[in-house]
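Start at 1 and go down the list; that is how both ligands and their atoms are numbered.
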Amino acid sequence: MTSQNQSEICVSKEGEKMSKGEKREAVNIVESKEWYLADYAPQGVPTSDHLKLRSVPLSLALDSIPQAHVAIQLLFISIDPYLRTRMSGHDDGLYFPQFLLNQVITAFGIGRVIRSKDDKYIEGDIVLNAFFPVAEYCVVPSDVLIRKIDPAAGVPLPEYLSCLGVPGFAAWLGIQVLGDPKPGSNVFISAAAGGVGMFAGQLAKLKGCRVIGSTGSDDKVRLLMEEFGYDDAFNYNKETDLDAALSKYFPNGIDIYLENVGGKMLEAVLNHVNLHARIPVCGMISQYNQTWTEREGVRNLLNVVGKEVRMEGYLVASYLDRFADFAKEMESYIKQGKIRSKLKMYPGIESFADSIGSLFSSSNIGKVIIQVKP
Ligand code: NAP
């Protein structure tokens with residue numbers, strides 16, 4: 001066993017068990033693996049040419065940790081499509097700024113406090129942060145931590161990145177806040193078996209809507225109907241004519257379209273919207289790997305006027321004042337067994353580049369998460 005492995009194992013155990021007076025010397029320095037961006041990827045899926053893993057020494061000695069900081073062992077990292085938009089090298093003023101080259105990448109994550117220089121946190125606390133480094137360990141200011149998680153609440157930790165995290169919140173905002181669903185509303189959801197889509201469909205069903213989803217494989221079509229309660233679903237990769245497909249699935253038109261993919265799907269939807277339809281625009285993942293001049297245009301935007309459609313982009317970060325309402329409702333649904341969740345867990349910090357690439361295929365089902373140390 002190398003000294004690197006020894007120190008990592010000591011820290012991992014120590015975060016849970018080390019008692020006062022035990023020797024700390026063995027764990028004062030760890031080699032922490034972390035991901036950084038070596039080059040921007042203006043087009044295409046980022047690869048190992050852009051995303052690189054390195055190992056850096058990190059001091060966990062208590063006197064090296066500044067006041068009001070905590071040392072964290074990362075447990076789970078959320079893999080979200082917006083991360084890709086921070087790797088293009090083009091600051092378009094949207095979302096977040098570009099990641100800096102050679103700096104560690106950050107993402108939503110869950111970690112365990114292993115050293116604390118803040119009275120509000122003790123060793124063993126499980127904490128959530130929107131901008132944890134994609135790394136095994138880190139030292140961060142304690143005021144960036146969003147909240148502590150109570151493991152006794154009985155919710156599996158990764159679900160705080162899924163049904164009780166950004167995807168669940170984005171789904172709830174899109175359907176319940178912006179979608180204004182009514183019993184019998186005709187609802188269409190794209191990327192329906194993904195992190196946002198699986199919850200959006202279930203929330204719309206709970207409001208009594210008729211819900212149809214699109215996704216990229218037959219297995220996922222089956223899952224939408226059998227596990228997530230969608231009324232119907234189709235594989236967009238098999239539909240040569242999206243317009244015709246929507247005619248078939250929505251003979252009475254679309255009242256709410258939760259937009260996750262953009263491009264050709266949005267254009268097809270606009271030919272089927274009812275008067276006063278709502279289109280909450282959550283994202284447009286089919287367009288993230290192109291520069292804006294290469295992206296698909298939408299030729300029938302005029303339909304938004306004629307059908308008086310309310311099409312509205314939104315970001316979860318702008319609705320934090322609604323998070324408590326969302327969490328209360330979602331927790332209640334979970335306790336009652338009314339919401340199901342699927343996780344696609346990638347093992348090990350090493351899997352970060354693969355997990356980012358996977359967002360642009362149809363290989364995942366549910367919310368994509370890395371378990372830092374499986
Ligand atoms: P996700 O669905 O878990 O993963 C992405 C999925 O998109 C893939 O599994 C794939 O599923 C589908 N996809 C990939 N490339 C595609 C393409 N070219 N055409 C059609 N579908 C494609 O991701 P998510 O976290 O739930 O995010 C869904 C959308 O919500 C994204 O646009 C994301 O940016 C957005 N989002 C926005 C906010 C916000 O605050 N506004 C928050 C979270 C997420 P298929 O099998 O269906 O192809």
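Residues satisfying the ring-ring contact (aromatic ring centres under 6.0 Å, His included) test with Y82, not counting sequence neighbours, are F96. Scored by the salt bridge (charged side-chain N to carboxylate O under 4.0 Å, His left out) test, K182 finds D180 as partners (sequence neighbours excluded).
Classification of the Y288-F360 ring pair by plane angle, with boundaries at 30° and 60°, yields perpendicular. Ring pair Y314/Y319 is perpendicular by interplanar angle, where above 60° counts as perpendicular and below 30° as parallel.
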Using residues 164-173 as the side-chain source, report each donor-acceptor pair under 3.5 Å to any protein atom, sequence neighbours left out, with the distance given to one decimal.
unit_1	atom_1	unit_2	atom_2	d
W172	NE1	E329	OE1	3.2

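In this structure, ligand 1 sits under 4.0 Å from heavy atoms belonging to P81, V166, A170, A191, G194, G195, V196, T215, G216, K220, Y236, N260, V261, C282, G283, M284, I285, S286, Y288, Y314, L315, V316, L359, F360, S361, S362, G366.
Atom CZ of R147 has more than 12 neighbouring heavy atoms from other residues, nucleotides or ligands inside a 6.0 Å radius.
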